[in-house]
Structures are given as C-alpha cells and as structure tokens.
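Proteins come first, then strands; the chains are lettered A, B, ... in the order of their sequence lines, and each starts at number 1. Everything quoted here is computed from the prediction, not taken from an experiment. Side-chain atoms are counted along with the backbone in the values below, which use heavy atoms only and exclude waters and symmetry mates.
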There are 2 protein chains.
Amino acid sequence: MASTADTKERLRLAAFDVVRTKGLSAASARAIGTAAGVNQALIFYHFGTVNELIEAASNEAVERSVARYAEGFSQVTSLAELLEVGMRVHDEERRRGHVAVMAQLMAGGQHDPVLARASKHAVGLWTAQVRSVLDRVVAPTPAGELLDSADLASAISAGFIGIELLHGVDGASADHAFASLDRLNALLTTVNGFGPTLRAALRVAARRLGTRAARLTRPTPSRK
Amino acid sequence: MASTADTKERLRLAAFDVVRTKGLSAASARAIGTAAGVNQALIFYHFGTVNELIEAASNEAVERSVARYAEGFSQVTSLAELLEVGMRVHDEERRRGHVAVMAQLMAGGQHDPVLARASKHAVGLWTAQVRSVLDRVVAPTPAGELLDSADLASAISAGFIGIELLHGVDGASADHAFASLDRLNALLTTVNGFGPTLRAALRVAARRLGTRAARLTRPTPSRK
DNA sequence: GTCTATATTTGGATAGAC
DNA sequence: GTCTATCCAAATATAGAC
C-alpha cells in the first residue's frame, strides 16, 4: 500500500538523501532510483533530468526548513537572541545535512544552470528570512546604523556555506572559524550598550572607513 | 621541441585549467589529456588516478600563489593595510580562477579523501599566511585583544570560499556579502582608535558575551 | 504510471607496441 | 615515456511492453 502519485515524493526524498550522504557526484539516476525503491526510468518520466529532480528535491526541502523555523525567528527581539536562534537553527540544519546539500548544489551550480537556479532559490529563502529579522530587530539599534541588513544577511549565508565546506575538509579549522563569528557578534552586541556620544564617534569613524573600503571593492562588480 | 619530463607539468596545468573553467565534474582523464595535448593514459602512468593529478595541480598552484603574495603580506603594518592587501590578493586570485578551483575541490573533498587532503592543504597555506600577519600586526593592538588570530584566519578563509560559491550562483548577493565584510573590518579598525577606558569597557563586555557564545557553540564540536 | 530492455556515450584504467 | 587499442563499468536517456 504505497505506490500512487507519491512516487514523485519518494524520488524527491531519495534524491535529497543521496546528495546528502554521498555527494552530488554520486547522485546518479540509478543511485537515486534504488534509494527510492523505484526504477530509474521514472526519474526521466517525472522530472525530465536528474538535475531537475535534484532541484525539486532541494526546493521542497528548503521551503519546509524555512517554514519550520519561521516562528522561532519571528519571536526574536534582539541581536543577542538572533545569535542564539540563528546558531540553534544552523546547528540543527547542519545535523540534518541540509547545509551540506546546499553546499553541494552551490558547487555544482557554478557550471550547471539548473543547479544554479536551485542554489539561488535555497540561499535566497534563507537570506530573506534572516534579513527580515535584521530589519525588524537590529536596524533600529545603534549597531543597525553601522550595518546593512541585505549585506549582512548575504554574508551570513555565505559564511555558513563556507564553514560547512571547511568542516568537511578540516573540522578543527571550521571550529576556529565558527568561534570567530561569535566574537564578532559579541562585539556588535557590545556596541548596542554604548552611550550616544560613543555611538556618534563610532558612526563617523566607520563611515570614513566604509567609503574607503567600498572604493576598494568596486573593481570586482558582479561580473558573471 | 617540448615533450620531455615536463609532460607532468603540462598535465598539472591542464588539470588545473579544466577544473577552473569547466568544474570538477567535467575534469575527466580524457578532457585533461586533450587539454594538455597528450594521451589520457599518461595521467594514470604519472599520477595514478585523476584525483591525484588534480591534487598535484592544486598543490603546485596554491604554493606558487602564496609565494607570489608573501612579500606583499610581509610589508603590512596595520589592520587597514591588511584589509587593503587582502582585498587586492583576493580580487586577483578570484580573477585567476584560483578561488573557484579551491571551492570545487572543497566540495568534492566532502566525499573524497584525496580531494579533501588537497583542499586542506590549500586552505591551510592561505590560513597560515593570514594568521601570521594577524599575529604580527593585529595581536598587539586593542582589536587584537578581542580576536584570536587562528579563529579569524579560518573565518576569513571560509568566508572567501562561501562568497565565491555565492558569486557563481547569485552575483548580486555575493556583492552584498562582500560589502558586509568591509563594514565589519571598518568597525574593528575603529576600535583601534579608542582610548584606554573605552577599550577596557569593550573588553569586559565582549568577554562576557564571548563566553556565552562559546557555550552555545560547544554542542557542535568537530565531529567528522 | 511503472517496469524491462536497450541504445548510446562517457569515464577509469590497463596491456602491449613502439 | 608515450601512444594505440581496448576492456569494463556506469551514466543518461528512450522505446515499448504491461
């Protein structure tokens, strides 16, 4: 009592699982079909190509994940709480292998348009979620004057992906990187405890340096 | 007038080039052999397996790269200068496709021990280079009291990899992430302009938050 | 919708001539 | 050391029976 039109669902789940446990390069039609307990030919019948199946699998997974934590994020009221919730979410998503899958898709997406689209969608959903919290919670605070929510949200996404890859290759080094994020966050939270004169001094100094840094960045716009 | 024992060298360069331009999944023995202008069988004769060739190619490239910028890093005397040199190096290495190759290898290294070893070596060399500058230049300053050089160096490496992947999938988003790094650096540099009382207050506050953040981190040690 | 069978291509790897 | 020829495994994708 199983095989109806949820064969597609089983294929999506199996595809996600194979990418998660064995990596993108091992996610062949045969491997996924076997994992799903159905014939590999059904992948092409239902999804067209293997990568389109993987895209569907990723989309489904990321949409569920973001929804899963949406309430938790909505209850955040400070930068410190955002740190706390964000780290809990990241930790849980890491354990579930979801970050690993995203990293695999992003690497594959560098040279495959379908995987690129899937990656952009996944990263975009997480970034939007984080950004909305930043806008609501951090923007009105002193630290918010020094940061741009879109910038920071993208940086957080990129950082998590980078740390995930580092982790799979050199776990100790990834732990170091993670510890560093804590410190920077602590610094930001500390800024929120500053008085008005101090804030003004910070803002001026940061602005001076910010424009200079921006000038250095410009040589590499998003050429693609 | 060419083919002597530098066939190995041509294979290494070709392997690097194929990974750079077409990605790891397209780096087959045949593709690399063709790019090198030699027969694919020579890959197995000289290097054993394709991945071992790719490892040799990566090792050679990263060693040359680090040496290439070593003098520039050695002349850095401040955090602001480190930002400047670091961004110039990153920009140049990105244009040369070296960051892209590292990202490909790290993704592949998640499930392949040879590629994992190559990735660890590459990331390790860059991290060590950055760390040595941090130790020399930043550690004695007020910002240095808030940061750990090993932590920050790993975070920088991870961040660059993450941004690279993000760039290939959503260029605009990657630009946002990069801008954010500038701002954080500006903030750190600003801290270096603080007077002694201010520094002390910062240090105490950061330490308080740091230990709390560390407690949150601990649940995910470098399991592998 | 699902399966079996198969056409076709591509990839890793080796044997053996030169 | 290098090449040709080749074996074998695995991959995508399709045709056609059920």
Side-chain angles (χ1 to χ4, degrees), chain A residues 1-19 21-58 104-105 107-109 111-118, chain B residues 1-19 21-58 104-105 107-109 111-118:
Chain A
M1 68 225 345
S3 39
T4 41
D6 64 352
T7 290
K8 290 184 75 172
E9 173 67 0
R10 290 173 61 192
L11 278 172
R12 278 190 295 262
L13 294 176
F16 191 88
D17 221 52
V18 173
V19 174
T21 56
K22 300 183 186 162
L24 190 62
S25 67
S28 66
R30 283 172 153 81
I32 295 171
T34 301
V38 304
N39 193 279
Q40 54 98 11
L42 290 181
I43 291 172
F44 304 99
Y45 175 77
H46 284 298
F47 296 95
T49 67
V50 173
N51 279 351
E52 283 170 309
L53 162 58
I54 292 174
E55 179 187 22
S58 167
Q104 289 290 302
L105 297 202
H111 297 96
D112 178 292
V114 174
L115 296 181
R117 192 174 54 197
Chain B
M1 64 203 11
S3 39
T4 41
D6 65 351
T7 290
K8 290 184 77 172
E9 173 67 359
R10 290 174 61 190
L11 278 172
R12 277 190 295 262
L13 294 177
F16 190 88
D17 221 52
V18 172
V19 174
T21 56
K22 300 183 186 162
L24 191 62
S25 66
S28 66
R30 285 173 155 83
I32 295 170
T34 301
V38 303
N39 193 278
Q40 54 99 10
L42 289 182
I43 290 172
F44 305 99
Y45 174 78
H46 284 298
F47 297 95
T49 67
V50 173
N51 279 351
E52 283 170 309
L53 162 57
I54 292 175
E55 179 187 22
S58 167
Q104 290 290 303
L105 297 202
H111 297 96
D112 178 292
V114 174
L115 296 181
R117 192 174 54 198

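The interatomic distance linking Asn39(B) (CG) with dT14(C) (C1') rounds to 12 Å, in whole Å. For Ile43(A) and dG1(C), the CD1 to P distance is 16 Å, given to the nearest whole Å. Whole-Å rounding puts the Leu11(A) CG to dC3(C) C1' distance at 14 Å. Atom CG of Asp6(A) and atom P of dG1(C) are 12 Å apart (whole Å). Taking atom CZ of Arg30(B) as the reference point, atom P of dC8(D) lies 15 Å away to the nearest angstrom. Taking atom CZ of residue Phe44(B) and atom P of nucleotide dA15(C), one finds them 13 Å apart after rounding to whole Å. If you take CD of Glu9(A) and C1' of dT2(C), they are 18 Å apart, rounded to a whole angstrom. Rounded to whole Å, atom C1' of dC7(D) lies 12 Å from atom CD of Gln40(B).
Checked by atom type and distance alone, the side chain of Thr34(B) pairs as donor or acceptor with a backbone atom of Arg30(B) at under 3.5 Å. At distances below 3.5 Å, at least one donor-acceptor pair connects side-chain atoms of Gln104(B) with backbone N or O atoms of Ala107(A).
Of the candidates dA13(C), dT2(C), dC3(C), the closest approach to any side-chain atom of Val38(A) belongs to dC3(C). The listed nucleotides are dT4(D), dT2(C), dT2(D); the one nearest the side chain of Ala41(B) is dT4(D). Distances were taken from every side-chain heavy atom of Thr7(A) (C-beta onward) to each of dA5(C), dT2(C), dT6(D); the shortest belongs to dT2(C).
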As a quick check of understanding, evaluate side-chain contact (heavy atoms from CB on, under 4.5 Å) for Arg117(B) and Val114(B), giving each step before the final call. CA-CA 5 Å; Arg117(B) 192 174 54 198; Val114(B) 174; 4.1 Å; yes

What's the verdict on side-chain contact (heavy atoms from CB on, under 4.5 Å) for Asn51(B) and Ile54(B), showing C-alpha distance, side-chain angles and the deciding distance? CA-CA 5 Å; Asn51(B) 279 351; Ile54(B) 292 175; 4.0 Å; yes

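Non-hydrogen atoms lying under 4.0 Å from DNA chain D are contributed by Tyr45(B), His46(B), all within residues 45-54 of chain B.
Phosphate proximity of dA11(D) to Ser28(A): present, with a side-chain N or O under 4.0 Å from OP1 or OP2.
A heavy-atom distance below 4.5 Å is not found between the side chains of Glu55(A) and Leu115(A).
Within the model, atoms CG of Leu53(A) and CG of Leu42(A) stand 11.0 Å from one another, a figure rounded to the nearest 0.5 Å. Here the NZ-CD1 distance, from Lys22(A) to Ile32(A), works out to 10.5 Å after rounding to the nearest 0.5 Å.
Comparing Leu42(A) and Ala31(B), the nucleotide of DNA chain C nearest to each residue sits closer to the 5' end for Leu42(A).
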